[in-house]
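Contents: one structure, followed by commentary.
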Amino acid sequence: MKPAFYLTTPIYYVNDVPHIGHAYTTVAADVLARYKRLMGYDVYFLTGSDEHGQKVEKAATTAGETPLELADRVVKRFQALWERLGISNNDFIRTTQERHKKGVAHIFKDILEKGDIYLGEYEDWYCTPCETFWTETQLIDGRCPDCNRPVEKLKEESYFFRMSKYQDQLLAHIESHPDFIQPKSKRNEIISFVKEGLRDLSISRTTFTWGIPVPDNDRHVIYVWFDALTNYITALGYPEATDDYKRFWPVNVHLIGKDILRFHAVYWPTFLMAAGLPLPEKVFAHGWWTIEGQKMSKSLQNVVEPNMLIDKYGVDAVRYFLLREVPFGLDGDFSHASLVQRINSDLANDLGNLLSRSTAMAVKYFNGILPAPAVLNESDLALKRRTEEMIATVDGCLNDMAFSKALQAIWEVISAGNKYIDESAPWTLAKDPALKERLATVMYCLLESQRIVHIILSAFLPATAEKALDSLGCGEERSLVGMAWGGLREGTTITKAEALFPRIEG
RNA sequence: GGCGGUGUAGCUCAGCUGGUUAGAGCAUACGGCUCAUAUCCGUAAUGUCCGGGGUUCAAGUCCCUGCACCGCCA
């Protein structure tokens, strides 16, 4: 039986339209999912939408539609974008779905019955747009410290989650599981946050109705984060002990942006502890993108619309850029200049041109019929070795979410391929019929190395790898097994590859 | 204010437990090849490794201190 691998993106809030940040998390998750499938895992890749809450309710009212209508509309935009980006999620959960609502009500009731949810009273300053309560000391000049808008004093009956009870247990878990929260810098932040003490958490609201009602008390709606986080198990069928649930929970990794780390590294694990469920194996918080050196914001009107990027540069170029430019976990800057630079230098000159020149020679010297290699000499073996070593390196990198490093390792092999051509000088070999066998060996090694490169690249650049493998005459052997050296068969028809990535001039 | 982090070539960054002439990619200059998307290969140059002090036979790497920037919390 295949090993299981479960990974998630956050569910995206429908009050916001998709931007480069959403695309980033989702593309990263997709690469990991595709890679794990390649390695023989049975992968459950979940994304979805978060649709409840006061903000959505208000936005819908303003737009003259029901909250669900608004959600339907925005969800389509997310789904259409994922389609365009080649996202291979096998499930898409919406918090308005029955399966989810049922599960949330169940876990709420369960924790209530176990005594870790209790009814109390909440009084504090409330910022409606942010849906956040602030203490007196947190306010800045009497305004919301996040958005600087006015806040109002609010007193409401509220259900509380006894988060304080789990402080020590959570801390112990974090400390005994060094990889639970990554990267390390974020882990430190969470540790110090927990050490400062966890307060009980208000997890219901009475000021609006667009949400999942508290079981047996429908004056209350369940707090959006309690609702949203639970998606990770309701998608698998919780509370039923479904096959998916048994097979995939606990999740291998939650990929998230650094802004929502606390919810995933503190709230969510303590909810699970209270419910007696196993904790996620890993929560990985990636960084943020600035745009041409500036913080991305609606008011600056510099929000990057992924569809526009795809139109202009193509899907795989965008996927490549997002994962290559910046180490996952750190902030990075998006600029058109650096994207064009990556496309021209890495994708066109290195990757694309290598395939182009290699396949052109195969056609020219062997009529496109791949010859069998003779005995490999030192430089052939060096290329083979580098290619094989790269597979292990990439595996290590991807287990650490080091997408950028993984791509660098792949590019070292591409670079080695270009150098190999230069050193072997096939055009010289071709002039002497006596060297035909040597030429055959060189062509074989060259193409075989690239076949392996493109199989592994199919996780990152699915459409590109498809084209490349087609031109290398490779059929369906696109898996871990197919990664072994020697998979390219003698007699395979090689066709001259079109430019995978045309250079962008100007 | 408390805690944590960062400061290395023009740019983005690697440099683990201290040890030969401090590295990579991109950009720059020069040279080479011609199979290829004017692509590829090679060579070169540039660094007070933030400042100051200290430990050590030896510090970009450890300690102290100052400055600058960033994150989390308050």
Side-chain angles (χ1 to χ4, degrees), chain A residues 134-140 145-146 181 183-199 257-263 265-266 285-288 290 293 295 314 317 321 324-335 337-366 368 379 397 402 404-405 407-412 414-431 439 442-443 446-447 450 464 467-468 471 494 496-506:
Chain A
W134 302 101
T135 61
E136 188 83 35
T137 56
Q138 287 175 313
L139 298 181
I140 296 171
D146 263 8
I181 300 167
K184 214 178 253 162
S185 57
K186 297 294 166 208
R187 177 174 183 263
N188 289 341
E189 288 179 8
I190 292 295
I191 288 175
S192 62
F193 176 78
V194 176
K195 277 184 175 164
E196 281 168 26
L198 297 182
R199 296 191 306 173
K258 63 179 184 177
D259 52 322
I260 54 174
L261 179 60
R262 193 199 300 172
F263 302 104
V266 179
H286 69 240
W288 275 13
T290 52
K295 204 175 162 186
F321 179 83
R324 172 60 239 260
E325 184 70 1
V326 176
F328 208 60
L330 297 185
D331 290 351
D333 183 55
F334 173 87
S335 75
S338 46
L339 174 50
V340 168
Q341 165 72 36
R342 285 288 175 200
I343 291 171
N344 284 345
S345 169
D346 299 359
L347 297 177
N349 295 353
D350 294 346
L351 179 70
N353 184 52
L354 175 60
L355 184 73
S356 174
R357 64 196 301 216
S358 307
T359 53
M361 286 189 281
V363 169
K364 189 165 179 178
Y365 302 142
F366 292 96
S379 83
C397 290
S404 174
K405 245 181 167 173
L407 285 168
Q408 281 180 56
I410 297 170
W411 253 256
E412 277 172 26
I414 292 162
S415 192
N418 274 320
K419 187 178 294 193
Y420 176 76
I421 294 180
D422 221 65
E423 286 167 355
S424 318
W427 47 91
T428 305
L429 300 175
K431 285 174 189 155
L439 179 61
V442 167
M443 290 314 302
L446 184 58
L447 295 167
Q450 282 174 83
T464 302
K467 281 192 258 179
S471 111
I494 309 293
K496 162 90 166 79
E498 294 305 309
L500 296 176
F501 296 91
R503 282 182 60 88
I504 298 169
E505 307 295 347

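What you see is a predicted model, and the numbers here were worked out from it, not measured in a lab. We name chains A, B, ... by the order of the sequence lines, and we start the count at 1 in each one.
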Is A/S345 touching bases, backbone alone, or none of the nucleic acid, heavy atoms closer than 4.0 Å? sugar-phosphate
Please measure how far the [atom1] atom in [N] lies from the corresponding atom in [M], and state the result in whole Å.
N	M	atom1	answer
B/U8	B/C49	C1'	4 Å
B/C72	B/U56	C1'	36 Å
B/A74	B/U6	P	23 Å
B/U12	B/G7	P	12 Å
B/C70	B/G32	P	49 Å
B/U61	B/G54	P	14 Å
B/U37	B/G19	P	47 Å
B/U21	B/C40	C1'	30 Å

Could you tell me how far apart [X] ([atom1]) and [N] ([atom2]) are, to the nearest whole angstrom?
X	N	atom1	atom2	answer
A/K405	B/C13	NZ	P	15 Å
A/R262	B/G71	CZ	C1'	13 Å
A/K184	B/C3	NZ	P	21 Å
A/R342	B/C11	CZ	P	17 Å
A/I190	B/G5	CD1	C1'	15 Å
A/L339	B/U12	CG	P	18 Å
A/N188	B/C3	CG	C1'	10 Å
A/E325	B/A14	CD	P	14 Å

Polar side-chain atom of [X] near backbone of [Y] as donor-acceptor pair, under 3.5 Å:
X	Y	result
A/D333	A/G293	yes
A/S356	A/G352	no
A/Q450	A/L355	yes
A/N344	A/I504	yes
A/S471	A/K496	no

Complementary nucleotide for [N] - Watson-Crick or wobble, under 3.5 Å:
N	result
B/A36	none
B/G60	none
B/G1	B/C73
B/U6	B/A68
B/U17	none
B/U43	B/A29
B/C49	none

In 5'-to-3' order, the base (B), backbone-only (S) or no-contact (-) status of each nucleotide in nucleotides 28-38 of chain B, using a 4.0 angstrom heavy-atom cut-off, is -----SSBBB-
Most 5' of A/L330 and A/N344 on RNA chain B, judged by nearest nucleotide: A/L330
Quick check on RNA chain B: between A/K258 and A/I414, whose nearest nucleotide comes earlier from the 5' end? A/I414
Quick one: is A/K186 getting a side-chain N or O under 4.0 Å of the B/G71 phosphate, OP1 or OP2? no
Who pairs with A/F334 by ring-ring contact (aromatic ring centres under 6.0 Å, His included), at least two apart in sequence or on another chain? A/F321, A/H336
Look at the side chain of A/E189 and decide which nucleotide, out of B/G71, B/G4, B/C3, has an atom nearest to it. B/G71
Any non-hydrogen side-chain atom of A/I421 less than 4.5 Å from a side-chain atom of A/M361? yes
Evaluate the side-chain contact (heavy atoms from CB on, under 4.5 Å) criterion for residues A/I414 and A/D346: first the C-alpha distance (whole Å), next the side-chain angles of each, then the deciding distance (0.1 Å), finally the verdict. CA-CA 10 Å; A/I414 292 162; A/D346 299 359; over 6 Å; no
side-chain hydrogen bond (donor to acceptor under 3.5 Å, both in side chains) partners for A/D422, two or more places apart: none
